Amino acid sequence: MRFQIDSDSFPLGKGPMVMLILFIITSVFIFSATEEKDESIEFWIFANTHYEEYQARVPIFEALHPGVNIKLINYGGSMHDKLLTALLSDFGAPDIVEVEITSIGRFLKGAINEIGFVDLKPRLESEGWMEKLVVSRFTPWSYGGKIYGLPHDLHPVVLLYRDDLFKAAGVDMTKIETWNDFIIAGKQATRDLDGDGENDQYAIVLDRRTESDYFNLLLQRGAGFFDVEGNVVIDSDIAIDTLTFFTSLFNEHKIATPVYGTWHGDPSNFAAMQDGRILSILAPDWYVGILKSQVPQMAGKWKAVAMPAWERGGRRTTTRGGTMIGITKQCQNPDLAWEFLKFAYFDKAGLINRYETTRIIPPLKAAWDDPIYGEPDAYLGGQSLGRLFIDLAPDLPPRYQNPYWSEAADLLNDAIFNAVTEKQTPRHALTEVAGKVRLIISKDQERWGHN
Amino acid sequence: MQTTSIKHRIWNRQQKIAPYLFIAPFFLLFIVFMGYPLISSLIMSFYEMRGFQSKIFVGLDNFTDLLRDPVFWKSLWNTTYFALGTLVLQLPIALFLAILLNSKYVKGKNFLRLAFFAPVLVAGVFVAIIFNLIFDQRAGLINNEFLLFGKEIGWLSEGRYVMPAVILTGVWQWAGFNMIYFLAGLQGIRQELYEAAAVDGANWWQCFIHITLPSLKPVIAFVFVVSMIGSFQLFDLPFILTNGGEPADAGTTIVMYLYKNGFQFMRLGYAATIGWVLFIIIAVISIAQLRLLGIFKEE
């Protein structure tokens, strides 16, 4: 019996046969492909500036470690969602990953053994890194006594102000020490420019859409949304007092304007700055980088000063934003990953390069001696901005992380807006949010028990 | 002789199996990527998760929580607001454009059709970024060129202007797309009907009410239902435009709230519940629309 399949006897003719053959060939090809055998480390990134930095730095690391291949992947803003999916499905996560400060909380939910990152504390302690870094910068990446990431930055906050316009109003900003001093100076500088009876030049711009600027002030006072033990302290006396002060800058003293647009980095905010409507802003180091790239024509008009303190001699800075680098539990070679972590975050040459491009000051204290941080900054009229940031660094407040951070921040956004627009009193707004967050937490504890 | 009979039998069997083999890839893909996630999300809505492994059965808790959740109601209202805006603003504009482009007095029709249709080819994220600049409070086109109320409107910074801004952006992006459906419908209306009406002395308005609209009914029904479904699934536009739904959740839609719960709060069970409640809302509205428009009635 002879039986043959040719293109004519194949069901439905030649076309389907070709498709089937192609399908079989590609399937065989896909399933026979094997994983790369060399020592490969996959590294996920969400920030473009970081990606550019590592593109330049990775070849140096690979040259120091022959046979090692670092695969950089920049997923942009959606990276955190991808990471979450990969950790949930227990498959496909990178070996190393950078995580943003407001996103890390959700990764810390659940029992300690379920957390998807490797605890770096033993390595940090045995190699003596804790003493070499600004220790408060580990708090955003720590929970339950473990440390899940190395801090990328300090992000100290200063008060950036319009030197020309404050001077024109007869105010010497270098003499400002406290927030009370600032209010007096601010009233002097806030003006109605076009004579329509409404102020249009404001002493400070503050975000009332989100918790960001309120949180700046709250942290400055050593408080926060959660304490070191994870308790909700959203409605503490100090928080209510801070929000009352925050709203008074808008409503009672009338020296603050809400941010133009959706955040401090929107074009309308820069336009308002150029029109002289905004005289100062609470700026972390990275914001200075944004300002320089977005409004280079304002060079020479800005200067920086330490933040006004809550009382004379008090803390004159706070911290805003941040990134960590960590190793996921899916990593096959944590020792090599650890070597790369240290190379990326603690290598002096790399840190200098980072400051040149992004103005970001590293948490590694030994790096601060480099003359580059003392160089005058033309954008700030020759002021040495790096030195100012470094002087403030040892005083940075701790920012305690919590698995319920996202829920709290989301509710607080509404509370801040309601308080500033006088829909709720600060006390009412904060106690309501605190109650809701406590309810979420207690419900979870009822379901899963305390762990 | 026997060989041909065997060959014939194999051939017959192949003929019977082959169609199933050819449609199998669709069903396999459907089961893996649609069927399984659907069932699994339904099951998930009766569970809650915390962390990456702890799953716990909570019965109807997620559903009762949702009914008591003010942000859910707010997002439902915002989404309905957008849907109504689409209904009263976008679809009439789309119909008007279609009638305009169908008239014999307009020149350059092909160019205009392409021009009105083009916005739908732009990804929602880019549209949102462009309109973020257009609605910009100080530097934006709208406040700079059309200072209608003699003051700067905080389109994206004051709660009450946020959804109107999203609706206007939706009009720009989708009106031209719906116009194409109406245009196709208009071109299908028999010219003799208008001629007969003209003989009877009907004016333009009477023709529109008694011929154009009734003839367009199936198209109108289709566009209404599809637009409603699209409106209730709104996500990327307000998400980018308002930078996450603020101030005070004025720009938060149901799908945005679903995303927030699923990905930012890691409450996957609750997010699945929102998804299924949204499904029920959309199903009810679609069926009601089709009934009101008389699509289920036999002619």
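Only heavy atoms go into these numbers, but all of them, side chains included; no hydrogens, no water, no symmetry mates. From a predicted model like this one, the values you see are computed outputs, not experimental measurements. Chain letters run A, B, ... following the sequence lines, proteins first, then strands; residues in each count from 1.
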To the nearest 0.5 Å, tell me how far [X] [atom1] sits from [Y] [atom2].
X        : Y        : atom1 : atom2 : result
A:Asp414 : B:Lys74  : CG    : NZ    : 7.5 Å
B:Leu156 : A:Tyr260 : CG    : OH    : 15.0 Å
B:Asp249 : A:Asp410 : CG    : CG    : 6.0 Å
A:Ser268 : B:Trp155 : OG    : CH2   : 14.5 Å

Evaluation steps, side-chain contact (heavy atoms from CB on, under 4.5 Å), between B:Leu21 and A:Leu20: CA-CA 11 Å; B:Leu21 283 177; A:Leu20 186 67; over 6 Å; no
Heavy-atom cut-off 4.5 Å, strictly under: side chain, backbone, both or neither for [X] against chain B?
X        : answer
A:Lys423 : neither
A:Asp90  : neither
A:Phe23  : neither
A:Pro258 : neither

Checking [X] against chain A: side chain, backbone, both or neither under 4.5 Å from a heavy atom?
X        : value
B:Phe135 : neither
B:Val58  : side chain
B:Asn132 : side chain
B:Ile17  : neither

side-chain contact (heavy atoms from CB on, under 4.5 Å) evaluation trace for B:Glu246 with A:Thr262: CA-CA 8 Å; B:Glu246 304 304 333; A:Thr262 62; over 6 Å; no
Sidechain N-carboxylate O distance under 4.0 Å for B:Asp61, A:Arg447: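 Salt bridge between B:Asp61 and A:Arg447, a charged N being under 4.0 Å from a carboxylate O: yes.
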Salt-bridge present (B:Asp69, A:Lys436; N to O < 4.0 Å): no
B:Ser157 versus A:Gly261, closest heavy-atom pair with distance: CB-O, 3.9 Å
For the student: nearest non-hydrogen atoms of B:Gly262 and A:Leu84, plus distance: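 Residues B:Gly262 and A:Leu84, closest heavy atoms: O-CD2, 4.1 Å.
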Count the heavy atoms of every other residue, nucleotide or ligand shown that sit under 6.0 Å from [atom1] of [X], and state whether that count exceeds 12.
X        : atom1 : result
B:Phe279 : CZ    : no
A:Gln297 : CD    : yes
B:Phe126 : CZ    : no

N/O donor-acceptor pair under 3.5 Å between B:Arg50 side chain and A:Trp448 backbone: no
Short side-chain to backbone donor-acceptor contact, A:Lys109 and B:Phe265, under 3.5 Å: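 Yes, A:Lys109 side chain to B:Phe265 backbone: donor-acceptor pair under 3.5 Å.
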Non-hydrogen side-chain atoms of A:Pro267 and B:Leu133 separated by less than 4.5 Å: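 Yes, at least one pair of side-chain atoms sits under 4.5 Å.
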Counting heavy-atom pairs closer than 4.5 Å to chain B, which one of [options] comes out on top?
options                                : answer
A:Asn269, A:Leu411, A:Asp275, A:Asp266 : A:Asp275
A:Ser406, A:Ser89, A:Ala271            : A:Ser406
A:Ile416, A:Ile115, A:Thr421, A:Asp444 : A:Asp444
A:Thr210, A:Thr85, A:Leu87             : A:Leu87

Derivation of the salt bridge (charged side-chain N to carboxylate O under 4.0 Å, His left out) call for B:Arg267 and A:Glu407: CA-CA 10 Å; B:Arg267 310 189 89 79; A:Glu407 286 95 325; 3.4 Å; yes
side-chain contact (heavy atoms from CB on, under 4.5 Å) evaluation trace for B:Gln264 with A:Asp81: CA-CA 8 Å; B:Gln264 295 185 352; A:Asp81 293 347; 5.7 Å; no
